[in-house]
Amino acid sequence: MEYNFREAEKKWQEKWEEAGVFHAQDNADKPKFYGLVEFPYPSGAGMHVGHIKAYSGLEVVSRKRRLQGYNVLFPIGFDAYGLPTENYAIKTGIHPRKVTDDNIAKFTDQLKRVGFSFDWTRVIDTTDTDYYKWTQWIFLKMFENGLAFRDKTLVNYCPSCKVVLSNEDSQGGKCDICHSDVVQKSKDVWYLRITEYADKLLEGLEKVDYLPNVKQQQINWIGKSRGAFVQFTLKNIPETLRIYTTRPDTLFGVTFMVIAPEHPLIDRYQDQIGNMDAITAYRAECAKKTEFERTQLVKDKTGVKIEGLTAINPVNGKEVPVYISDYVMMGYGTGAIMAVPAHDDRDYAFAKKFGIDIIEVIEGGNIQEAAYAGDGKMVNSGFLNGITDKQTAIAKMIDYLVENGIGEGGVQYKMKDWAFNRQRYWGEPIPIVHCPHCGMVAVPYDELPLKLPEVENFEPGSDGESPLAKIDSFVHCKCPKCGGDAKRETDTMPQWAGSSWYFLRYVDPHNPESFADYEKLKYWMPVDWYNGGMEHVTRHLIYSRFWYKFLYDLGVVPYEEPYAKRTAQGLILGPDGVKMSKSRGNVIDPNEVVDVYGADVLRTYVLFMGDYEKAAPWSESSVKGCKRFIDRVWNLQTILTEGDSYCAKLESLLHKTVKKVSEDIEALKYNTAIAALMTLLNGVYDAGEINRAELRTLLILLNPFAPHVTEEMWETLGYGEMLARDATWPTYDPSKCVDSTVEIVVQICGKIRAKLTVPTDISAEEAIRLAKAEPRIAAEIEGKTVIKELYVKGKLVNIVAK
RNA sequence: GCGGAUAUGGUGGAAUUGGCAGACACGUUAGAUUUAGGAUCUAAUGCGCAAGCGUGCAGGUUCAAGUCCUGUUAUCCGCACCA
């Protein structure tokens, strides 16, 4: 009797939905488990198998938890604002709302066909007014608390998408969406002051269970450094030049200063600069370079000496020249540095090129050859001379700076404030009104949601203005404060906004009074386990932690961290071993796999194909292997016998399998969990029969991976109505995981010479005696001196003889 | 350049505290079944005719090393002139 997976899968998906078995119960008496997967962006291309792998991990954990008696929240939703949809709308003229709805319908259908146990009563859509009302609400709270502000600065601008991008969206000088070169542009933009939470984000990492490299990436991204600010007086100019350094201990080795091309000092003292023409020319040259060029041309240092500007080293009164160079960034520290060529590679390269003095202040390197960044004895350094410990020297110097009022210790972060707006249509409107009298005024809370107006043309303005700016009825409004004529903010929020708090809405998705009820949050939060892609570890994961911590400070969410545990799945590569992409044509559509082999096979394969955390190529023939496995499970019916307890032949194997599968699922080792189930299956066929009690255990263990076939067998064979609702996860007896006899190897000097079957609890003496009694071993040690004899319990006997 | 990871059969990948390397699959080969193909079942399958040799490479520690130590190479990922 062949297994009709098409019929069975459809049937069980409907039954689960009818019975509501995967609905999370609020405030239930059971222990809770909140498993979270990154909700998809509903693109027109539909899902690919990578999504399936990403969701299958916690799908298995969630199903197992339910069988273990947990109240499980395993939700799904759609992160639906974003550029691809908008660009598609521009191209086709179809409204993004329609595009989004169609795509969501497509994704929903695909997800349901795989049989994921999501709670479909809690689906959220970030473009839904009931949802983005609260996104706007959180933004206004940030605005109220000074965390959302507007500032004019150089921004990363994508000329192709016509949008301002955050640093995170323009890594490597390429637009994250269309991959064209990003240019620098001066613009008035919204920022979220994420830097204010830098320390909290850093400290919070100590309390959570994230993969080590996830933590490390966040630490690097935040990029905290300790150092000192130092004031250098300028000759003939009534102003000081403030610099940041991590090496205040090398202050005596300063031979020049460098300021960034955009440094404001230059504009203020143009008259006193002898070579303003050359400097203006250099600045123009730098402005032309994209961020990418500027950071890529690392090898070659360029710059211009500023004639007429001389700085005075505050620790020794020495006069040093000031240069302008683009190896110093305006956006980090103070945009000015003290250069110590003897002990910094970049300063060294610059000094060599411009023929500037190099003064050694730390012994240990050869400054004729290269800069020396290591430790050593301080020399040429006044009161620091003779110190050999860097930390002591730094501490002493900072004390000196403070005492003399010329500087202080300080910290800097690589992380910048978050550019929080896009000049685009398909995003949450920023609920702010610009009033000529009152300035920026928040839209009152009771007017939320501020709905996205209908427009005809989604194309952004040529100067990078939002399409909303063209809608008069939207733009013109009354100031909520003074009632006078005012204009609305026309920028929208970036793609990352909606995903920064979605996990909170799942807890209470239909609440009209607040983003989520505090008591429900207290029950469900924090997310027990969050799985997603490595690519979201520095952006989404930091942003959402920031929003959550802000809400925590407001007192509207409990607990300090949103996610207790974070893991990441590896990519599924194309059959050609390269990352799947439309352009390469190596994308695998999950629907096709479901059609041909069934959902259970797809689910099993994506978890069996390799280490869950590593990338692995798709292999059609390995999919067939999983198909064979499922069919062999189905065919167990042909050798089923009666029996309500494990028979002796399979007892130990069953206990071992329960242990292995239970433990491996928790450790993200789905591939070996499935391998253990295959081993069990092979064992059953070797035994030639399986009784009802044994099959029951096998079905439950396999259920999280292959829920349809196991349900179908559960019902057909009369175990009950519904496995997912009625079954209990099996337990194992550790004493039964051990066999009564074990095969050990006998080694001579570490080389295997014989194998021996002995009782598991054999004594060392007895094992060695038996080993020596083996004819082959006896022959080997004949005439030699036995130096050492070892017995490793249940493993081996090793006899060292000469 | 900095940080992190990885390296095991023809392929994907397994291997507690160091203790039988190659679990489980895929593929391949042979056989059975089948009109044929496919599917299924059975057996074999690291390399070598052998003694032996085998976990990127070179050393080291140990009775014993994929695992620990030192050095080195390659690949991948993240950050990248961050002072």
Side-chain angles (χ1 to χ4, degrees), chain A residues 2 171-172 211-221 223-225 227-228 243-248 250 258 260 294-301 325-329 331-340 343-347 349-350 412-416 534-535 537-538 570-571 573 577 604-605 608-611 613-629 631-632 635 660 663 669 671-682 685 743-752 754-755 787-801:
Chain A
E2 206 166 304
Q171 292 179 54
L211 290 176
N213 54 339
V214 171
K215 268 190 197 179
Q216 197 53 50
Q217 275 195 37
Q218 294 211 349
I219 291 167
N220 292 346
W221 192 261
K224 184 175 185 170
S225 86
I243 61 98
Y244 175 74
T245 179
T246 52
R247 295 296 305 273
T250 63
V258 187
R294 197 164 153 172
T295 53
Q296 284 305 297
L297 303 172
V298 178
K299 330 94 201 171
D300 206 24
K301 295 274 180 295
S325 172
D326 65 357
Y327 86 88
V328 174
M329 306 292 148
Y332 184 80
T334 62
I337 62 157
M338 64 178 215
V340 185
H343 305 291
D344 181 278
D345 286 332
R346 295 148 305 181
D347 297 347
F350 194 87
Q412 279 291 303
Y413 303 92
K414 286 187 200 174
M415 185 169 70
K416 311 240 174 43
M534 274 313 285
E535 70 275 19
V537 155
T538 49
L571 289 175
L573 306 174
T604 309
Y605 176 63
F608 181 64
M609 64 194 295
D611 184 331
E613 298 180 64
K614 284 191 206 143
W618 185 266
S619 158
E620 174 92 18
S621 50
S622 292
V623 176
K624 285 184 188 154
C626 290
K627 167 80 174 150
R628 217 168 282 163
F629 169 59
D631 286 343
R632 271 160 59 85
N635 288 330
K660 179 85 178 147
E663 290 173 355
K669 292 163 84 174
N671 54 338
T672 49
I674 294 167
L677 288 165
M678 290 174 170
T679 305
L680 172 62
L681 186 65
N682 291 341
Y685 277 107
E743 189 183 59
I744 62 168
V745 292
V746 183
Q747 299 178 329
I748 301 292
C749 296
K751 303 273 183 204
I752 298 157
K755 293 191 180 182
I787 299 167
K788 205 170 190 176
E789 296 167 334
L790 303 111
Y791 172 65
V792 180
K793 194 174 181 337
K795 300 280 185 192
L796 55 77
V797 169
N798 190 8
I799 297 167
V800 186

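A, B, ... follow the sequence lines: proteins, then strands. Residue 1 opens every chain.
The interatomic distance linking A:K627 (NZ) with B:rA25 (P) rounds to 17 Å, in whole Å. If you measure from atom CE of A:M534 to atom P of B:rC77, you get 12 Å, rounded to the nearest angstrom. One atom, OH of A:Y413, and another, C1' of B:rA83, lie 17 Å apart when rounded to the nearest Å. One interatomic measurement links the two molecules: NZ of A:K416 to C1' of B:rA80, which rounds to 12 Å at whole-angstrom precision. Atom CG of A:D344 is separated from atom C1' of B:rC2 by 14 Å (rounded to the nearest Å). For the pair A:K414 NZ and B:rG3 P, the interatomic distance rounds to 11 Å; values are reported in whole Å. Atom pair A:N220:CG and B:rA80:C1' shows a separation of 11 Å (rounding to whole Å applied). If you measure from atom NE2 of A:H343 to atom P of B:rC81, you get 23 Å, rounded to the nearest angstrom.
Mapping A:A675 and A:K788 onto RNA chain B by nearest heavy atom places A:A675 closer to the 5' end of the strand. Where A:Q216 and A:S225 meet RNA chain B, the nucleotide closest to each residue was compared, and A:Q216 sits on the side nearer the 5' end.
Counted by atom type alone, A:N213 and A:Q217 present zero donor-acceptor pairs between their side chains at under 3.5 Å.
Within the nucleic acid shown, A:G625 comes within 4.0 Å of sugar-phosphate atoms alone, with no base atom in reach, counting heavy atoms only. When heavy atoms are screened at a 4.0 angstrom cut-off, A:V800 is found touching the sugar-phosphate backbone but no base atom.
Residues A:Y791 and A:I744 come closest through the heavy atom pair CE1-CD1, 4.1 Å. Minimum heavy-atom separation, A:M329 to A:A260: C-CB, 3.9 Å. Scanning all heavy atoms of the two residues, the minimum distance from A:S325 to A:V258 falls at CB-CG1, 3.6 Å.
Distance from the side chain of A:N213 is smallest to B:rG4 among B:rG4, B:rC81, B:rC26.
By the side-chain contact (heavy atoms from CB on, under 4.5 Å) test, A:E535 is found to be paired with no residue, residues two or more places apart in sequence or in another chain being considered. Applying the ring-ring contact (aromatic ring centres under 6.0 Å, His included) rule to A:F608 yields no partners; only residues at least two apart in sequence or on another chain are considered.
For B:rG9, the base is syn relative to its sugar; the glycosidic angle is within 90° of 0.
Across the C1' atoms, B:rU6 and B:rU55 are found 13 Å apart, a figure rounded to whole Å. For the P atoms, the distance from B:rU70 to B:rA5 is 14 Å, rounded to whole Å. With both ends at atom P, the span from B:rU29 to B:rA39 equals 13 Å, rounded to whole Å. Comparing the same atom, P, in B:rG27 and in B:rU11 gives a spacing of 15 Å after rounding to whole Å. B:rU8 sits 6 Å from B:rG56 when the P atoms are compared, rounded to a whole Å. When the P atom is compared between B:rU17 and B:rG1, the two are found 34 Å apart, to the nearest whole Å. With P as the reference atom, B:rG9 and B:rA14 are 14 Å apart, rounded to whole Å. Taking the P atoms as reference points, B:rG31 lies 48 Å from B:rG18, given to the whole Å.
Not one side-chain nitrogen or oxygen of A:Y327 sits closer than 4.0 Å to the OP1 or OP2 atom of B:rA83. Note on A:N682: a side-chain N or O is less than 4.0 Å away from OP1 or OP2 of B:rA25.
In this structure, the side chains of A:N682 and A:R632 come closer than 4.5 Å at one or more pairs of heavy atoms. A 4.5 Å side-chain heavy-atom check between A:T250 and A:M338 finds at least one atom pair inside the cut-off.
In this structure, A:Y605 contributes its side chain and A:G625 its backbone to no donor-acceptor pair below 3.5 Å.
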**Asked** Going 5' to 3' along nucleotides 12-19 of chain B, which nucleotides have protein heavy atoms under 4.0 Å from the base (write B), which only from the sugar-phosphate (write S), and which from neither (write -)?
**Response** BSSS---B
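A:Y332 and A:Y244 have perpendicular rings, their planes meeting at more than 60° on a 0 to 90° scale where under 30° would count as parallel.
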Give the table of side-chain donor-acceptor pairs shorter than 3.5 Å for residues 793-801 of chain A, with sequence neighbours excluded, one pair per line with atom names and distance.
| unit_1 | atom_1 | unit_2 | atom_2 | d |
| --- | --- | --- | --- | --- |
| A:K793 | NZ | A:T760 | O | 3.2 |
| A:N798 | OD1 | A:C749 | N | 3.4 |
| A:N798 | OD1 | A:G750 | N | 3.1 |

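If you take CG on A:D344 and CD1 on A:I337, they are separated by 7.0 Å, rounding to the nearest 0.5 Å. Between the CG atom in A:L571 and the NZ atom in A:K614 there is a gap of 14.0 Å [rounded to 0.5 Å].
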Below 3.5 Å is the cut-off: list the nitrogen or oxygen pairs between protein and nucleotides 40-45 of chain B, distance only.
| unit_1 | atom_1 | unit_2 | atom_2 | d |
| --- | --- | --- | --- | --- |
| B:rU40 | OP1 | A:R628 | NE | 3.2 |

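In secondary-structure terms, RNA chain B builds stems of at least 3 consecutive Watson-Crick or G-U pairs, each pair having both distances under 3.5 Å, at B:1-7 with B:73-79, B:10-12 with B:24-26, B:27-32 with B:40-45, B:56-60 with B:68-72.
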